[in-house]
Amino acid sequence: MTATVQTLEAMERPPVSMGSRLEGELLEVSMGPQHPSTHGVFRMNVALEGEIVRKLKPVFGYLHRNHEKIGENASYLGSMPYTDRLDYFCSMTNNWAYALSVEKLAGIEVPERAEYLRVILAELTRLQNHVSLLGFLLNDMGAWGTPLMYAFRDREKILDLFESLSGSRMMCDYMRFGGCRVDASPEWLARAKKIADIFPRFVDELEQLIVGNEVVIARTQNVGKLSSELAVSAGITGPMLRACGVNYDVRKVDGYGFYPRFKFRIPLGEHGDTYDRLMMRILEMHESVVILKQAFEQIPPGPIINPKVKIRAFRPPIGEAYGRIEGPKGELGFYLISDGGPNPYRYRVRPPSFINLTVLEDLCLGHTVADVMVILGSVDIVMGEVDR
Amino acid sequence: MEGLEQIKARIKAAVPGAKIDIVPNPSPANQPSLVIDNEHARDVARFLCDDPALRLDYCSNVTGIDWLDRSVKKTVKVKKVVDGEEKEVVETTEEKLPGYLEAVYHLYSMAHKHGPVIIRMRTADRAENACLPSLTPVWRSAEFQEREIFDLYGVRFDGHPDLRRILMWDEFEDHPMRKDYREPNDYEYEPTPHDDVLEKAKGHYTSRPAEEELKPS
């Protein structure tokens, strides 16, 4: 199977007539790095014909700090707080992916309560990531401020939960190899349950504002269409892949953690355009709440960390392991090679938002400059993870 | 999913002449991998992607590894004739293994939902011959990740559509993820057109008059 590059003809857009002076002439524009809609310091070199994008080359590296090299020079546990800084919206899932890989590498068992806590925190992270994405996306479409503030109001409730549990809103550093750092009190669980219970009401409210909105429909439907063949070949993961109708969710496929114990559905899109990607987030939030409700009912008492795991002089056996989880942005993986020493020989992050940008040019060709911002917003990137 | 031995046998049947080795993985993760030779790499990759039973259509993770030169000491018992008598003598030989760069691909199947199958390719050495065939024509997801390996490890991928630096700036010279990388004193220095202008402008400066000339006589 070969990757099919989307052509202009496939876009079904009416031809735009341009003045004779600009006919065939390309104007090169550098969008970013300092641009409010690029979600950080991200730059795109765009060649424009009139207002239509003919070429788009993303430029990375403004936030590059060689995370992987630092990981190779730090001890295994020393990298844990640093994974928070990858995708600073979802530190809990970053922690989990790293802990999972090290647990695979060293063959560590995780107690039952810790697995439940991990599921709860990962799904809360998914909720707050998706809700802030919707806020940002509406911001990019011109709904300045108000939807973003609504989104952040409800995101802040979840961040307060994180803060009371781990001590930090965004840089949680909560997971440990073989479990979690601190236990959740019954009061915390009751508070979290209350927030999860009222969350769908807010999602419904947001959905009502978005779904039928004329401006949203005009700006997102048939914009940035992605075919399922290209999406699979380009390694697109997460909601962006499922918006194309490909049923692939690592939670179901790998069944890591205790996900096989929960009943939930995987929402799938049909057209693979920006509107589907947007709706995918709303539907996933409803499913996350379904998982959370089951987890709050089932969570057993017990230890939260495997006591056999060494904290000092932690040296996994020689070998390598690749562990992956379904992060809110896509498949987040860590690839580790141990040479028997206290720090990994190779520490690699598989960043979902970086790889999801592979098709950015294919999505944007033939659209206007204003659509580029909406398409980029729907890909859902965080530069801390893209540049590493 | 079938085992690696079976996959190896089927690759050999499908791609004649391909050299495949299995790399064991002693860790509890139990993820052994296949080393494929560079000449047939793209044919093997195409086979893995298109084969109806395997259908590894999704290349999740592509990454580089730097293995430095190392020496392995081996102790061998050798029978030797010493003073007319045959004796067993322990001999230590030091074998020098040249270093190489490695590219690792983690493959999964979205169609059949299985995996991973891990394949790796090795360069001949760490300097001039650090070349590998690009697998971007097979899996588009390798495009940015191979560029990253080129940038940070210095592996050149033949057949890559757009091989440029991706995370470091274009004028940067070394490859920072290599194990023997040393940070230069001024790593942010990059030549600019301004340097040439300054050099030219020097010709226009009159030399500063000596202090004696300035003194009123």
Side-chain angles (χ1 to χ4, degrees), chain A residues 1-3 5 57-61 63-64 66 68-69 72 101 103-108 228-237 241 246-248 250 252-254 316-324 331 333-338 345-346 348-350 354-355 357-359 362 386-388, chain B residues 23-33 46 49-50 55 57-67 102 104 106-116 118 120 136-145 147-148 151-152 162 164-170 172 176-179 181 183:
Chain A
M1 186 184 65
T2 50
V5 176
K57 292 287 170 206
V59 181
F60 305 94
L63 219 59
H64 181 54
N66 224 337
E68 293 175 5
K69 189 91 174 180
E72 282 170 19
S101 307
E103 281 153 12
K104 272 193 176 182
L105 185 68
I108 299 170
S228 58
E229 293 81 28
L230 179 61
V232 172
S233 168
I236 307 299
T237 43
L241 173 76
V246 182
N247 186 357
Y248 194 81
V250 183
K252 288 276 189 196
V253 174
D254 277 15
I318 295 171
E320 60 175 55
Y322 178 65
R324 55 177 194 159
E331 177 189 320
F334 280 83
Y335 175 59
L336 299 162
I337 297 181
S338 163
Y345 186 81
R346 179 77 178 101
R348 151 84 180 169
V349 188
R350 190 250 184 225
F354 177 65
I355 294 161
L357 284 176
T358 311
V359 291
D362 304 69
V386 173
D387 286 343
R388 279 160 295 135
Chain B
V23 180
N25 183 356
S27 100
N30 192 23
Q31 294 174 335
S33 47
R46 186 71 69 187
C49 181
D50 291 344
R55 202 79 187 82
D57 49 2
Y58 165 46
C59 175
S60 163
N61 179 38
V62 184
T63 184
I65 308 163
D66 183 12
W67 299 100
E102 202 171 37
V104 184
H106 287 80
L107 311 176
Y108 288 86
S109 170
M110 278 197 186
H112 298 323
K113 303 208 172 22
H114 59 212
I118 305 165
R120 27 182 91 220
T136 305
V138 185
W139 295 288
R140 174 86 188 277
S141 62
E143 185 184 338
F144 281 1
Q145 302 186 68
R147 267 178 76 185
E148 193 185 318
D151 186 359
L152 302 181
D162 183 23
R164 288 178 291 136
R165 282 191 180 270
I166 189 164
L167 292 173
M168 308 302 282
W169 54 100
D170 287 340
F172 190 81
M177 279 301 283
R178 288 202 181 188
K179 288 281 175 188
Y181 172 75
E183 205 175 290

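Residue numbers begin at 1 in each chain, while the letters A, B, ... track the order of the sequences.
Of the two parts of A:L63, neither the backbone nor the side chain holds a non-hydrogen atom closer than 4.5 Å to a non-hydrogen atom of chain B. In this structure, the portion of A:N66 lying under 4.5 Å from any heavy atom of chain B is its side chain and not its backbone. For a residue to count as touching a neighbouring chain, one of its non-hydrogen atoms must lie under 4.5 Å from one of that chain's; by this rule A:I108 does not touch chain B. For B:V104, the part sitting under 4.5 Å from any heavy atom of chain A is the side chain, from C-beta outward, and nothing else. Neither the backbone nor the side chain of A:V59 comes within contact range of chain B; no heavy atom of the residue lies under 4.5 Å from a heavy atom of that chain. Contact annotation for A:E72: only side-chain heavy atoms (C-beta onward) come within less than 4.5 Å of a heavy atom of chain B. Within the 4.5 angstrom heavy-atom criterion, only side-chain atoms of A:T237, from C-beta onward, approach chain B. Contacts between B:E143 and chain A at a heavy-atom distance below 4.5 Å involve the side chain alone, from C-beta outward. Neither the backbone nor the side chain of A:K252 comes within less than 4.5 Å of any heavy atom of chain B. Only the side chain of A:Y335 comes within contact range of chain B, with heavy atoms under 4.5 Å apart.
The closest side-chain heavy-atom distance from B:P26 to A:P317 is not below 4.5 Å. Side chains of B:D162 and A:K57 form a contact here, defined as non-hydrogen atoms less than 4.5 Å apart.
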*Tell me, with the steps shown, if A:H64 and B:L152 meet side-chain contact (heavy atoms from CB on, under 4.5 Å).*
CA-CA 12 Å; A:H64 181 54; B:L152 302 181; 4.1 Å; yes

*May I have the step-by-step check of side-chain contact (heavy atoms from CB on, under 4.5 Å) for A:L241 and B:M110, ending in yes or no?*
CA-CA 11 Å; A:L241 173 76; B:M110 278 197 186; 3.5 Å; yes

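Although no hydrogens or angles enter the test, the distance criterion places no donor-acceptor pair under 3.5 Å between the side chain of B:K113 and the main chain of A:D254. Proximity of a side-chain donor or acceptor of A:R350 to a complementary backbone N or O of B:T63 within less than 3.5 Å is not detected. For A:R346 (side chain) and B:G64 (main-chain N/O), a donor-acceptor pair under 3.5 Å exists by modelled atom type. Of the possible polar contacts, one joining the B:K179 side chain to the A:Y345 backbone as a donor-acceptor pair under 3.5 Å is found.
Nearest heavy atoms, B:N25 versus A:G319: OD1-CA, 3.4 Å. For the residue pair B:S27 and A:K104, the shortest heavy atom distance occurs at OG-O, 4.5 Å. Nearest approach of B:Y58 to A:G235, heavy atoms of both residues: CE1-CA, 3.6 Å. For the pair B:S109 and A:Y248, the tightest heavy-atom approach, listed with the atom from each and the gap, is O-CE1, 3.8 Å.
A salt bridge links B:R120 to A:E320: one of the charged nitrogens lies within less than 4.0 Å of a carboxylate oxygen.
In terms of heavy-atom pairs under 4.5 angstrom with chain B, the leader among A:E103, A:E68, A:R348 is A:R348. The most heavy-atom pairs under 4.5 Å with chain A, out of B:E148, B:R165, B:R164, come from B:E148.
With rounding to the nearest 0.5 angstrom, the CZ atom of A:F354 is 5.5 Å from the CG atom of B:L167. Atom CZ of B:R140 and atom CG of A:D362 lie 4.5 Å apart (nearest 0.5 Å). Taken from OH in A:Y322 to CD1 in B:I118, the straight-line distance is 10.0 Å, to the nearest 0.5 Å.
Residues A:E331 and B:Y108 have side chains that never bring a donor and an acceptor to within less than 3.5 angstrom of each other.
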